[in-house]
Amino acid sequence: MKDTELIELYFNRDERAIEATKESYGAYCFKVAFALLEDRLDAEECVLDTLSRAWNAIPPEKPIRLRAYLAKITRRLALERLERAGRQKRGEAQTVLDELAEVLPSSADTAGEAETRELGRAVNGFIRGLPEREANILIRRCFYSEPVKQIARSYGLNEKHAAVILGRTRKKLRAYLIKEGFIDE
Amino acid sequence: MNNKDLFSSFGEIDESLVERSERAASRSRSRRAIKMIAAAAAALLIIAGAAFGIAQAAGANYPGETPSAPKEIVLPPSQVGKKGYTSTKSRAYSLTSALANSKAACIITIGSWLSEDHETTSTYFEAKVDEVISGSVPEHIVLCQFGDSEWTLSGSPLFTYGDKLLVFLKDVNWGGMQYENCYAPVGVDHSFFYIAETPDGGRYAVNHNCTFTYLIEQNDEGADFEDLAGDKAILDAVIDAIGEHDAAAAEIIATNAVHSANSYAPLRIYRVEEIIDYIKGLE
């Protein structure tokens with residue numbers, strides 16, 4: 001089913017929308033959730049929560065890119081699930097977090113929701129200004145928590161090269177956030 | 001504002017950017033898939049001509065062998081534990097990352113239960129190495145499993161006498177009992193296969209909690225093993241073969257098989273030889 005038809009089902013409050021979304025994007029959302037949770041049952045529950053969240057949000061929201069829209073909901077819910085359970089992020093997500101400590105230290109105070117959203121806008125602006133390949137690699141790493149090896153494979157690079165690109169991009173991000181006033185120099 | 005906030009803020013990026021990163025990755029993957037198919041076809045030709053030599057040194061009293069001087073079999077006091085499963089999680093691996101983090105990949109047979117250490121929550125078993133796939137490891141080892149008779153990791157029972165496993169072994173570095181040649185499985189409860197040897201001579205690998213097979217499908221390039229879980233005769237034979245000596249593991253496998261239709265990480269059954277070939281190809 002095409003995305004436009006799916007959205008139409010949501011707007012008509014037709015419950016088939018949930019099943020159809022699950023069929024089209026369930027496995028994809030599971031992959032996004034699993035990358036953070038590394039647990040099959042938790043990830044499956046997270047997909048169900050995503051479907052329920054989408055049902056409640058559409059309408060009024062009318063996503064143009066349903067796949068990415070669902071991925072964002074899933075990622076947010078998976079992170080919330082980790083926080084709620086008081087669990088440490090594990091595996092690749094923890095490695096990504098450690099890498100991001102080069103940009104913003106882990107010891108600093110946690111930001112409020114508004115500040116995080118503001119930071120999100122800044123990160124968005126930063127990514128838009130990057131060359132396409134660097135932007136894509138950063139998103140694969142920091143949004144999807146994909147292993148560097150896999151990213152390298154996806155973009156036809158060797159692992160070291162991908163790691164170097166990521167390292168340089170993080171340095172640029174830090175400089176950008178300093179310039180935008182998010183970090184003191 | 002800290003690194004966690006920054007990690008969360010990546011969830012706010014434009015959907016168009018998220019989608020673009022996927023499109024670019026999938027374009028590149030398609031190009032590489034064509035190259036991979038050609039390489040796999042060549043590799044298969046070579047493999048078809050090769051014969052496997054399985055080292056079968058005479059060991060004492062392991063399942064499937066005729067003991068010259070039988071000794072008492074010791075089973076674990078409890079496979080699941082009075083306190084049941086815990087929600088503690090362990091790092092999950094694919095074949096490539098499990099191999100990279102291990103000293104050896106091999107097929108082992110669990111022997112008698114040796115001891116448990118509640119302080120480090122570890123249980124120790126005798127084990128015989130039937131086949132070394134990669135790396136090097138002595139023929140007789142002690143396998144240290146995380147979990148004890150009081151509690152076990154979510155979804156996984158303790159091993160028991162007669163279990164045949166395809167495992168990736170690493171050194172034990174968290175203290176506990178001191179045994180010579182003591183190893184632990186990489187990925188604790190996730191990243192190993194139970195091996196079922198069926199009466200018709202088939203040798204099948206099944207990951208009881210389906211996490212390992214899911215990550216293999218996601219991350220191990222070229223690991224396109226034929227899934228036999230849909231063949232009811234094979235599924236039943238595998239469950240029966242494992243259930244003969246390990247009812248707890250067989251029950252989990254049977255339950256996950258029933259739920260497979262509604263799961264994004266369904267139960268898979270692979271031929272052991274296909275996995276061995278793949279691991280050898282990673283070296």
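Sequence lines set the chain letters: A, B, ... in the order given, protein chains first and strands last, and positions in each chain run from 1. Atom set for the values below is all heavy atoms of this structure, side chains included, hydrogens, waters and symmetry mates excluded.
- Taking the ring-ring contact (aromatic ring centres under 6.0 Å, His included) definition, one finds that B/Tyr204 meets it with nothing, sequence neighbours left out.
- With a 4.5 angstrom heavy-atom cutoff, A/Leu177 touches chain B only via side-chain atoms.
- Interatomic distance, A/Lys22 NZ to B/Asn262 CG, rounded to the nearest 0.5 Å: 6.0 Å.
- A donor-acceptor contact closer than 3.5 angstrom links the side chains of B/Thr96 and B/Asp220.
- Interface residues of residues 4-13 of chain A toward chain B, defined by a heavy-atom distance below 4.5 Å: none.
- Interface remark: A/Lys149 contributes side-chain atoms only to the contact with chain B (heavy atom separation under 4.5 Å).
- Within a 6.0 Å radius of CD in A/Glu102, more than 12 heavy atoms belonging to other residues, nucleotides or ligands are found.
- In this structure, no portion of A/Ile137 lies under 4.5 Å from any heavy atom of chain B.
- Both the backbone and the side chain of A/Arg65 come within less than 4.5 Å of a heavy atom of chain B.
- Both tests do not hold together for A/Arg133 against A/Tyr155: distance to the six-membered ring centre under 6.0 Å, angle to the ring axis within 45°.
- Between the side chains of B/Glu22 and A/Tyr28, at least one donor-acceptor pair of N or O atoms lies under 3.5 Å.
- The most heavy-atom pairs under 4.5 Å with chain B, out of A/Arg76, A/Glu115, A/Arg67, A/Lys72, come from A/Lys72.
- By the 4.0 Å N-to-carboxylate-O rule, B/Glu19 lies close enough to B/Arg23 to be salt-bridged with it.
- Checking B/Gln218 against B/Ser94 by side-chain atom types alone, no donor-acceptor pair falls below 3.5 Å.
- Contact count versus chain A (heavy atoms, under 4.5 Å) is highest, among B/Val18, B/Leu215, B/Thr211, for B/Val18.
- Contact count versus chain B (heavy atoms, under 4.5 Å) is highest, among A/Gly120, A/Ala71, A/Ser145, A/Pro63, for A/Gly120.
- A perpendicular orientation is assigned to the rings of B/Phe212 and B/Phe168, their planes being inclined by more than 60° (bins at 30° and 60°).
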